[in-house]
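Each remark here refers to the structure printed beneath this line.
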Amino acid sequence: LTRGRATGTIRRMNEVAARAAGAAKSAGAGYADARAIEERWESIATKNGEIVGLDRTETIGVGVRALVDGAWGFAATSDLSNEKVDAAAREAVAIARASGRVQAAKTRLAEQEPFVARYETPYVVDAFRVSLDEKIRTLLKVDAALKAVKGVSISRASMTFREKRQFFASSAGAAIEQVIRWAGAGCAAMAVGKDDAQERSYPASFGGQHAAGGYEVVVGLRLLENAPRVGEEAVALLAAPQCPAATRDLVLGSSQVALQVHESCGHPVELDRVLGYEANYAGTSFLTLDRWKSGYRYGSPAVNIVADSLAPGGLGTFGFDDEGAPAQRWDLVREGVHKGYLTSRETAPLLGLGRSQGTMRASGYNRIPLVRMTNVSLEPGPDLTLDELIADTKDGVFMDVNRSWSIDQQRYNFQFVCEAGWEIKDGKRVGLVKNPSYQGITPEFWGSCDRVCGLSEWILWGVPNCGKGEPGQTMGTGHGAAPARFRGVKIGAAYADR
Amino acid sequence: MPIAEAEARRILERAIAASKADEAEAWLGGGMGALTRFAENTIHQNVLDRSLLLTVRAAFGKRTARAETNRLDDAGIAACVENAERLARKAPEDAGLLPILAGPASYPKIDAFDAATAASSPEARADAVKAVVDACAAAGAKAAGAYAVSDGSVGGYGEAGTIAFLNAKGVFCYHASTDASFTVTVAAGTGTGWAHAESLRAADLDPAALGRRALAKALASRETRDLAPGRYTVVLEAAAMAELVAWYLAGAFSAQGVEEGRSPIAGRLGERLGGENVTLTDDVAALCARPFDEEGMPTRRVVLIERGVQKGLFHDRKTAKKVGAEPTGHAPRQPSGWGPGPRAVVLAGGAGTADDLVKTVEKGVLVTRFWYTNSVDERQGLVTGMTRDGLFAIEKGEVAYAVKNMRFNESVIALLSRIERLGAPVRMFGALVPPAVVRDFQFSSGTKF
């Protein structure tokens, strides 16, 4: 956007959000809020030296949420004419009235100061101003470097950029403008044998690493420097022996720890799940309120997990959530004991909290905010490197970069498969193994965690594809993690008895 | 009412007319999506969205790119076309890019639109939910669920899909449809039960009956026993079977996956993959699905497995040209990294419900549905997942007692040789799939509930 157009758009979008919230209030809502959002995405993907996707998406729209006598309604429209915005607001109120026909309990909201504020993701280089030539050239070089490795059958590289301009207004007087920028990139090589196909990704799977910021996020990943190793490991995996089925000590790379945190801590501390709001789809949680009250032991004393929407560079970093609550940091697990949840204005009072912790997030203008992970991170341990952790391990397996993930609906039983594993004997990596997998039960697994690497190994990873809600929403979440060790874990079970 | 054919065509024509590229094609998708969601016997979320999305692909010679917008005024359309062309000019040449489809093509008329469903009101949905909630509350149970209706091509994650397509050579196609589904999960103490139904018509749904089924399962699951990991004869209800067949097995028949060696059937073309009772097709007519693909090609019925033997593959024009086959009308938007894929999966079955199949099993396990399934190993067809909301031991042809949920690790190809019996196909998750009796199904670990 040019400055002139942006100024006009900003004024207009602010008006749309305020108009929608006001129209819903006039139509009978006790409380209403609205998010007017202008969004643009750019994605570029290569495969085997060719562009297989060069896409630009631009959307605009407003979603209005109305609370009428303790019941919710929501409507969204992409037509921002006054007439259609007013109609959407009236529809939200009418839907809320229909919701009132089935109300075992009325919704009450925690107090929230109506902030008038602006937040913008800090960035160095505006990714949308970097030339397409530069981006394509970079990706094709990475793709070529992967394909140059003898034995690589499929090479892939990709970049994704998002810029979201959101204007939040509430009937209580909040007016918050936020500009959120995300950038991500990654690459992968697949080697295909007669009966086997093995893939290695860098720096992680799901399209690589994703963070809040500008093009500097992509430059910092050093895709080209890492491409030859990624290709060589994919080829080497074809000839590697199968990961054994056994009980072993397990060392996980930091991106896999991040996903483990996401699935086995981030989701079960979502308070809407705990309260049964997601029982029909995403599921419930083993971290029930009675356990929380009694100081439930979630993991070993080495395990400290925080929610932190203030952390620089995360996909869960913002100024305010989608209910207008400010960004915050608090404990979820401290020295292994379960301490907190992710809350909203609707759920916070149930914990005795006077205010929401600000975790309500919507995937776009046409979806309602849900309790979502912000940045849910495992804190680094005392100074310890991955090499030192492996040197300290007598008989184990090191697994790195996720390939497959699955966990039950209360978040107890999980199974993860990683792209590559290395057996550890007497403190040394002694050989590559393919198809490394592990299974566990969440509190037992985190209870077996005895070492977490230090800050030098800690990375704030971005998970861009977290699904939740009906209708479905995809959200980006952040997870800081360092490599960690878990004692006596069941490995190899995904392929056992085959 | 979804966007009418004439109006859809006008929008697409404006996009094509605005294009200065050598070639262009455009898609229009979206529509109305409404969903009434309940939990803890309360409607807690209740949403409506009306959005359309226009996508334009521009090509200059072998250079191509796409752009999307939901601003359908003249300025919005012009900006979208300009974005596509600006990107396309910068794109490197794609040697494999084909010219857009030359018409004319003809498409079967598939009646998939139900005006009553498109007009479904939040009050009517609330009343249907109320009947389910009241019955559960009377039994001391809690109901959660979703009653969803949509018209146009609104996907589960908000993806717009395609209602209409037009290219610069005049190929135009349009498909109006509605969808309705009712899903309910009931909790009775620690027991849970689930039921789901879907149709083009909301009137086909029977929420009260679904509520009763889920409640009965929840009540029967209040006390559970442990099940040892191992191989069991299982009755997979249609929901469990549909995940394995529609989400994992059918994708193996992409010509591109086979050519690249990623598919579990690579190197096994023409071979026997399963028993005589396995016939797998892709048939848009059977599911009243859109009769054209993202290139504007008419979608043909494809026999993937006939009486256990591999027969056909999904082809787009690119994969078809490579091996001298005919395109089947299963193309994604071009260019694509992953190639053609399933559109309307149908696994042929026999007669009877899952309850009828239980009567045929001496000793086994009844699986209501799976949860969090995921591919473990694409080449091996290996899939994992958990059971959820109703897992029962079967003894002497009857449900004997509830057992705690289990994790499975199974190959969707290997499983085809172990299907003992199939019931009547049911529309489930956009596919038509029967419940099945499968022997030696592998459960590898258990959980706490």
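Just so you know, these numbers use all the heavy atoms, side chains as well, and skip hydrogens, waters and symmetry mates. Proteins get letters first, then strands, A, B, ... in listed order; numbering begins at 1 in each.
Residue contact with chain B, scored on non-hydrogen atoms closer than 4.5 Å, involves the side chain of A/Q439 exclusively. Contacts between A/Y281 and chain B at a heavy-atom distance below 4.5 Å involve backbone atoms as well as side-chain atoms. Looking at A/L370, only its side chain comes within 4.5 Å of chain B, counting heavy atoms on both sides. Both the backbone and the side chain of A/Q415 have a heavy atom closer than 4.5 Å to some heavy atom of chain B. The contact between A/L132 and chain B is made entirely by side chain atoms (from C-beta outward), counting heavy-atom distances below 4.5 Å. Residue A/A493 touches chain B through its backbone alone, counting heavy-atom pairs closer than 4.5 Å. In this structure, chain B has no heavy atom under 4.5 Å from any part of A/S153. Interface remark: A/L140 contributes side-chain atoms only to the contact with chain B (heavy atom separation under 4.5 Å). Both the backbone and the side chain of A/I51 come within less than 4.5 Å of a heavy atom in chain B. A/E39 does not touch chain B: none of its heavy atoms, backbone or side chain, sits under 4.5 Å away. For A/R65, no part sits under 4.5 Å from any heavy atom of chain B, backbone or side chain. Proximity to chain B (any heavy atom under 4.5 Å) is restricted, for A/K490, to the side chain, taken from C-beta onward. The contact between A/Q473 and chain B is made entirely by backbone atoms, counting heavy-atom distances below 4.5 Å. Heavy-atom distances place both the backbone and the side chain of A/V52 under 4.5 Å from chain B.
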Please test A/R101 against B/D127 for salt bridge (Lys or Arg N to Asp or Glu O under 4.0 Å), starting from the C-alpha separation and ending with a verdict.
CA-CA 7 Å; A/R101 296 184 180 200; B/D127 290 344; 2.9 Å; yes

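Ring geometry for B/F443 against B/F441 counts as perpendicular: the plane angle is over 60°, on a 0 to 90° scale with 30° as the lower cut.
Here the closest heavy-atom approach between residue B/L382 and residue A/A494 is recorded as CD2-O, 3.7 Å.
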